[in-house]
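Indexing begins at 1, ligand by ligand and atom by atom, following the structure's order.
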Amino acid sequence: MKVGFFDSGIGGTCILRAFKKLCPNEETVYIADSKNCPYGNKPTEEIIRLSEANVKKLLKKNCKMIVVACNTATAAAIDYLRAKYPEIPFVGLEPAVKPAALRSKTGVVGVLATAGTFHGRLYNETKAKFAKNVTVLAVQADEFVTEVEKAYRGLGVLEVLEKLEDLEHLVRLEPVVRRRIEPLLKAGADKIVLGCTHFPHLKSVIEKVCAGRAEVIDPSDAVARQAKRVLERMKP
Ligand code: DGL
């Protein structure tokens, strides 16, 4: 049984990497739809169409479970996919606003994600439920997506996974990161949520900028744990 992953590009490999650490013996297939990246500003119908095309490819490769390793695709398409393919378990992602809001001491949290994610039902419901008494500063950092894609252009998934072990490899992007993060820190944010799977690729740089001022919340391990739980439930 194979576990499928897809993202608008190479971003979701951070979820794949976390999953492989938890479940090293599982066979995985990863689809990076880099030719249609970014999804972030595309209309919902288009993201649904692209997501379904990725799902069809994964099903052809015999995947029995699919991780939508993209916040934007989850926001736009997971309800549709679950309804259309009821026999396939889908694991999705949404920005970790709940833990950020619950743990914030300043009452200000920063969320970095795409326009598509910010317009989605999941994000807005979670925010309304768990962040009522917290100021949530939503920031679209589309250039992070472009920069991460550029950094990996021409590489295969295995090469990207290797690169991910090198914390320093995107350190040159510090000025790009600082431009987005500094205003959030200045506004008092003590939690920074990585609400797009391209952003954990910049985690060490983001952490460097936030050092001593804010905690960076990366959902990759939590999503991998959820995927493992779903997989275990499927096994006879
Ligand atoms: N990696 C995707 C996400 O998690 C989005 C990047 C894009 O805009 O395509 O939202």
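Side-chain contact of Asn54 with Lys56: a donor-acceptor pair under 3.5 Å is absent, judged by distance alone. Residues Asp33 and Ser8 bring no donor and acceptor atom of their side chains to less than 3.5 Å of each other. In summary, the side chains of Asn71 and Thr117 do not present any donor paired with an acceptor at a separation below 3.5 Å, with no hydrogens or angles considered. The closest side-chain donor-acceptor pair between Thr28 and Lys2, if any, does not fall under 3.5 angstrom. Between the side chains of Tyr39 and Glu46, not a single donor N or O lies within less than 3.5 Å of an accepting N or O. Side-chain contact check for Glu94 and Thr74: no donor-acceptor pair (N or O, by modelled atom type) lies under 3.5 Å.
The atoms of ligand 1 that sit less than 4.0 Å from any heavy atom of Val145 are 6 (C), 7 (C). For ligand 1, the atoms lying closer than 4.0 Å to a non-hydrogen atom of Tyr39 are 7 (C), 8 (O), 9 (O). Heavy-atom contacts of Asp7 reach the following atoms of ligand 1: 1 (N), 2 (C) (cutoff under 4.0 Å).
Protein heavy atom closest to atom 10 (O) of ligand 1, with residue, atom name and distance, is Thr72 OG1, 2.6 Å.
No heavy atom of Gly11 sits closer than 4.0 Å to any atom of ligand 1.
Of the polar atoms of Gly40, at least one N or O is found under 3.5 Å from an N or O of ligand 1, judged by distance alone. At under 3.5 Å, a nitrogen or oxygen of Asn71, whether backbone or side chain, sits near a nitrogen or oxygen of ligand 1.
Heavy atoms of Cys70 found under 4.0 angstrom from ligand 1 belong to the backbone as well as the side chain.
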